[in-house]
Amino acid sequence: MIETNSRAPRLGKRLTREFFARSVHRVAPELIGATMLFEGAGGVIVEVEAYHHTDPAAHSYNGPTPRNLVMFGPPGFAYVYRSYGIHWCANVVCGAEGVGSAVLLRAVEPTSGIERMRARRGVDDARLLAGGPGRLTQALGITDAHHGAELRRPPFALSIAERGVEVVTSTRIGISRALERPWRYTLSGSTFVSRPRPRA
DNA sequence: CTCTTGATCTTCT
DNA sequence: GAAGATCAAGAGC
């Protein structure tokens, strides 16, 4: 399904805490087209997934644990977890404090600090620099050291696109529960997503 | 191009 | 003890 996120209430404006305090299902599509930098490296967010606290696929589904505690904290902070023992994956906490919802950052189209991203990743192809949640954190240099950090403050820099963009919804990647929920959001036509263009 | 498998370790059962 | 919001390399077509 394709829609435009032009109704985003804060297009072109600096992100506020209220931006993240809304439903994860409203925040997620509005992050598509936003620019995300970490210590100056990063680019345009082209793929995210929403994880709601009532969602069996969400880490927060069974309530707070030491790992997911940040998800239950205030919105706008980073939930960083270890994936498959190897990678780091980064989320943005959304919704009211205590709810336990977050948006997984899955792919960025590189626009800034590309050489640093290449050095960290060890590859040249721009589509392989930050296309995938593990690749994204490695390219930008995000680790568990930034777990619980606020996305509105350095070294993060996040800004919503000046204009609305076409957003495609599809099913999420790599999960084994709640497979049918269409909570993956990608920038329409982008070749920088973690997997080929989702079937619309 | 697609499919399969190994790496590696924290969390939860 | 198994599973997991992943990735890269290798085999096969």
Side-chain angles (χ1 to χ4, degrees), chain A residues 20 23-25 27-29 31-32 34 36 38 42 45-73 75-95 99-110 117-149 151 167-187 190-199:
Chain A
F20 297 106
S23 163
V24 70
H25 296 307
V27 177
L31 285 176
I32 298 300
M36 176 183 175
F38 181 81
I45 297 173
V46 297
E47 177 182 351
V48 301
E49 285 176 357
Y51 287 88
H52 191 259
H53 66 287
T54 59
D55 170 9
H59 288 173
S60 54
Y61 184 60
N62 290 315
T65 67
R67 175 177 70 157
N68 68 22
L69 191 57
V70 168
M71 288 183 78
F72 293 90
F77 287 74
Y79 164 49
V80 180
Y81 70 92
R82 177 79 89 173
S83 175
Y84 289 90
I86 301 172
H87 313 286
W88 297 112
C89 292
N91 297 251
V92 185
V93 176
C94 295
V99 165
S101 298
V103 173
L104 172 66
L105 302 171
R106 287 194 56 94
V108 161
E109 175 179 344
M117 298 171 77
R118 285 198 171 112
R120 291 194 185 108
R121 290 276 300 119
V123 298
D124 284 344
D125 187 343
R127 288 168 299 183
L128 295 179
L129 288 181
R135 292 167 176 161
L136 187 158
T137 56
Q138 185 182 27
L140 273 61
I142 298 172
T143 71
D144 64 335
H146 315 104
H147 178 57
L151 276 291
V167 177
V168 177
T169 61
S170 57
T171 53
R172 295 172 292 181
I173 306 287
I175 56 175
S176 58
R177 293 185 290 184
L179 301 178
E180 73 292 351
R181 306 193 187 189
W183 293 341
R184 179 192 190 212
Y185 301 90
T186 55
L187 178 61
S190 175
T191 59
F192 292 87
V193 297
S194 65
R195 302 231 180 148
R197 187 193 311 241
R199 312 170 65 107

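Because the structure is predicted, anything quoted here is derived from the model rather than measured. The chains referred to below are lettered A, B, ... by the order of the sequence lines, with proteins before strands, and numbering in each begins at 1.
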TODO: Kindly say if A/Arg121 contacts the phosphate of C/dA8, meaning a side-chain N or O under 4.0 Å from OP1 or OP2.
DONE: yes

- [ ] Looking at every strand, decide which applies to A/Ile175 at a 4.0 Å heavy-atom threshold: base, sugar-phosphate, or nothing.
- [x] sugar-phosphate

- [ ] Take atom NE2 of A/His87 and atom P of C/dG4, then tell me their distance rounded to the nearest Å.
- [x] 16 Å

Task: Value in whole Å for how far the C1' atom of B/dT11 lies from CZ of A/Arg82 - done: 13 Å

Open item on the list: A quick test of your reading: do over 12 heavy atoms of other residues, nucleotides or ligands sit less than 6.0 Å from CZ of A/Arg127?
Closed with: no

- [ ] Could you tell me whether the side chains of A/Gln138 and A/Arg121 share a donor-acceptor contact shorter than 3.5 Å?
- [x] yes

Open item on the list: For a 4.5 angstrom cut-off between non-hydrogen side-chain atoms, does A/Phe192 reach A/Pro110?
Closed with: yes

- [ ] Please state how far atom CG in A/Asp144 lies from atom P in B/dT11, giving the value in whole angstrom units.
- [x] 10 Å

Task: Euclidean distance, atom CG of residue A/Asn62 to atom C1' of B/dT11 [Å, nearest integer] - done: 12 Å

Open item on the list: When you measure from the side-chain N and O atoms of A/Ser176 to the phosphate of C/dG4, is any distance below 4.0 Å, counting only OP1 and OP2?
Closed with: yes

Task: Closest-nucleotide 5' rank along DNA chain C - winner of A/Gly174 and A/Val123 - done: A/Gly174

- [ ] Could you work out which one of C/dG4, C/dA8, B/dT11 sits closest to the side chain of A/Arg135?
- [x] C/dA8

Task: Between C1' of B/dT2 and CZ of A/Arg195, the distance in whole Å - done: 12 Å

Open item on the list: Tell me whether the side-chain N/O atoms of A/Arg184 come closer than 4.0 Å to OP1 or OP2 in C/dA5.
Closed with: no

Task: Who pairs with B/dT8 - Watson-Crick or G-U, where each distance is under 3.5 Å - done: none

Task: Rounded distance in Å - OH (A/Tyr81) to C1' (B/dT10) - done: 12 Å

- [ ] Please check if the distance between the ring centroids of A/Phe77 and A/Tyr79 is under 6.0 Å.
- [x] no

- [ ] Check the distance between B/dT10's C1' and A/His59's NE2 and give it to me in whole angstrom.
- [x] 11 Å

TODO: Ignoring backbone atoms, establish whether A/Thr65 has a side-chain N or O less than 4.0 Å from OP1 or OP2 of B/dC12.
DONE: yes

- [ ] Mind calculating the distance between OH (A/Tyr84) and C1' (C/dA5) to the nearest angstrom?
- [x] 8 Å

Open item on the list: Less than 3.5 Å apart, any donor N or O on the side chain of A/Glu47 or A/Ser194 sitting next to an acceptor on the other?
Closed with: yes

TODO: Among the candidates C/dT6, B/dT11, B/dT13, find the nucleotide nearest to the side-chain atoms of A/Cys89.
DONE: C/dT6

Task: Watson-Crick or G-U counterpart of C/dA5, or none if no pair lies under 3.5 Å - done: none

